[in-house]
Amino acid sequence: MANQNGGELNPFKIAQKQLDKAAAVLGLDPAIHAFLREPLRELHVTLPVKMDDGSTKIFKGFRVQYNDARGPTKGGIRFHSQETIDTVRALAAWMTWKCAVVDIPLGGGKGGVVCNPKEMSPGELERLSRAYIRQVGRILGLEKDVPAPDVYTTPQIMAWMADEYAFLKGHNEFGVITGKPLELGGSQGRGDATARGGMITIREAAKVLGIDTQGATMAIQGFGNAGQYAATLGIELLGLKIVAVSDSKGGIYNPDGLDPDDVIKHKRETGSVINYPGAKPVSNEEILELPVDILAPSALENQITARNADRIRPKIVSELANGPTTLEGDDAFYKNGVYVLPDFLCNAGGVTVSYFEMVQNAYDYYWDLPTVHERLDIKMTTAYHAVHETAQRFEIDMRTAAYVIAVDRVATAVRLRGWV
Ligand code: GLU
């Protein structure tokens with residue numbers, strides 16, 4: 001898919017072209033390059049689900065296992081009406097690079113179901129979740145492929161999925177799914193891990209760039225798990241001023257700062273951040289162009305494109321979403337000196353704590369919250385500085401630098417295994 005301005009909007013094509021840039025910097029072996037451009041395996045499933053009104057609805061689902069050279073494939077399951085196989089392929093590729101850049105021993109995968117969870121009852125969601133695992137369970141496993149939450153999937157959904165998987169196997173195998181509730185083998189600190197990891201990368205970037213985060217302004221597009229915690233942790237950990245937030249219905253802006261806890265309460269009560277008292281309305285496009293120090297795209301792909309990138313000029317873009325910036329967006333940011341914390345680095349905190357959850361499940365021994373925070377901090381800080389130094393050394397943008405590190409690690413594993 002190409003947009004009217006000639007920019008590519010198919011996320012998988014974008015992911016492939018991002019890889020191509022890094023391959024050129026690395027002088028990557030052509031066969032390894034060709035191998036890493038494609039998913040290893042994918043499963044397409046058709047899911048009949050009994051709806052509350054007595055009818056049966058047929059849903060389409062996918063699971064893509066992109067690359068397992070470094071370990072079992074890992075990545076979330078997204079429930080979204082706009083889900084496509086190419087979106088899942090791109091997300092699975094990004095998971096491969098994400099696990100590699102933070103150096104956890106996992107490959108990359110992703111799953112998705114085409115559905116509108118906002119229009120489904122809890123019972124319908126439970127039956128859909130179980131139906132998905134009945135089909136996809138055959139390719140999952142502690143040593144094979146380990147799902148987790150993504151957009152519009154929750155710890156409750158992970159609990160139903162883990163339960164269904166336990167019935168398939170005949171015994172509990174909690175480590176096969178992460179992001180579970182604490183009572184079912186979840187990890188301390190998994191809930192806010194994506195945003196917390198992102199805040200750690202902002203903290204380190206601010207030190208390198210000489211930016212004082214105390215009172216620095218931040219706009220957040222997307223107010224789900226990552227966006228909400230980015231708002232509260234941005235204040236708690238970095239002293240940021242959150243001036244604007246948005247969700248799928250629209251956004252709000254107050255240059256004097258918003259109280260995230262109160263906005264979260266408003267969203268819980270009304271279903272959206274819109275109409276929050278004392279703030280100006282802004283659209284999801286406008287929020288990206290506000291004059292802020294830090295912009296955190298925390299929703300979906302393809303938000304920053306050839307159409308608007310030139311007008312988006314924060315000091316730092318911290319990509320908590322996967323794939324928010326297109327290739328043309330990246331070119332504009334580089335030209336304009338906008339410093340990008342690329343998605344699969346910035347949002348890697350989620351899968352890092354998922355990995356900690358797998359380790360804890362394997363040993364059936366659970367860590368306290370300070371231990372999780374400390375180990376997450378080490379992973380994120382190390383990965384951030386490696387990417388920053390690589391960008392400096394090769395004089396490339398931060399995304400390509402993150403790719404250079406991740407692709408080199410995966411390519412080395414592929415070579416050592418004798419695959420190519
Ligand atoms: N869905 C999250 C991501 O995109 C988390 C994946 C996981 O924990 O496996 O990184």
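Counting begins at 1 with the first residue of the sequence. One-based numbering, in listed order, for ligands and for the atoms of each. Values below: every heavy atom of this structure, side chains too, minus hydrogens, waters and symmetry copies.
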**Message:** Using the side-chain hydrogen bond (donor to acceptor under 3.5 Å, both in side chains) definition, which of the options His80, Lys118, Arg78 pairs with Tyr152?
**Reply:** Lys118

**Asked** Above 12 or not: heavy atoms from other molecules or residues under 6.0 Å from NZ of Lys57?
**Response** no

**Message:** Below 4.0 Å from ligand 1: does a non-hydrogen atom of Gly179 turn up there or not?
**Reply:** no

**Message:** Could you check whether any heavy atom of Pro149 sits closer than 4.0 Å to an atom of ligand 1, since that is the contact criterion I want to use?
**Reply:** yes

Measure the distance from [atom] to every protein heavy atom, then report the residue, atom name and distance (to 0.1 Å) of the closest one.
atom                    : answer
atom 10 (O) of ligand 1 : Lys98 NZ, 2.6 Å
atom 9 (O) of ligand 1  : Lys74 NZ, 2.7 Å
atom 1 (N) of ligand 1  : Asp150 OD1, 2.7 Å
atom 8 (O) of ligand 1  : Ser354 OG, 2.6 Å
atom 7 (C) of ligand 1  : Ala148 CB, 3.3 Å
atom 5 (C) of ligand 1  : Arg190 NH2, 3.5 Å

**Asked** Below 3.5 angstrom, do we get any N/O pair linking Lys110 and ligand 1?
**Response** yes

**Message:** Whether Arg393 and Glu389 form a salt bridge (side-chain N of Lys/Arg under 4.0 Å from carboxylate O of Asp/Glu) is what I want to check.
**Reply:** no

**Asked** Looking only at heavy atoms, which two atoms of Trp94 and Ala15 are closest? And how far apart?
**Response** NE1-CB, 3.7 Å

**Asp247 (side chain) donor-acceptor with Gly222 (main chain) under 3.5 angstrom** = no

**Asked** Hey, is the main chain of Asp368 close enough, under 3.5 Å, to the side chain of Gln188 for a donor-acceptor pair?
**Response** no

**Asked** Using the ring of each side chain (for Trp, its six-membered ring), is Phe12 parallel, tilted or perpendicular to Tyr66, with breaks at 30° and 60°?
**Response** perpendicular

**Asked** What part of Asn322, side chain from CB on, backbone N/CA/C/O, both or neither, has a heavy atom under 4.0 Å from ligand 1?
**Response** side chain

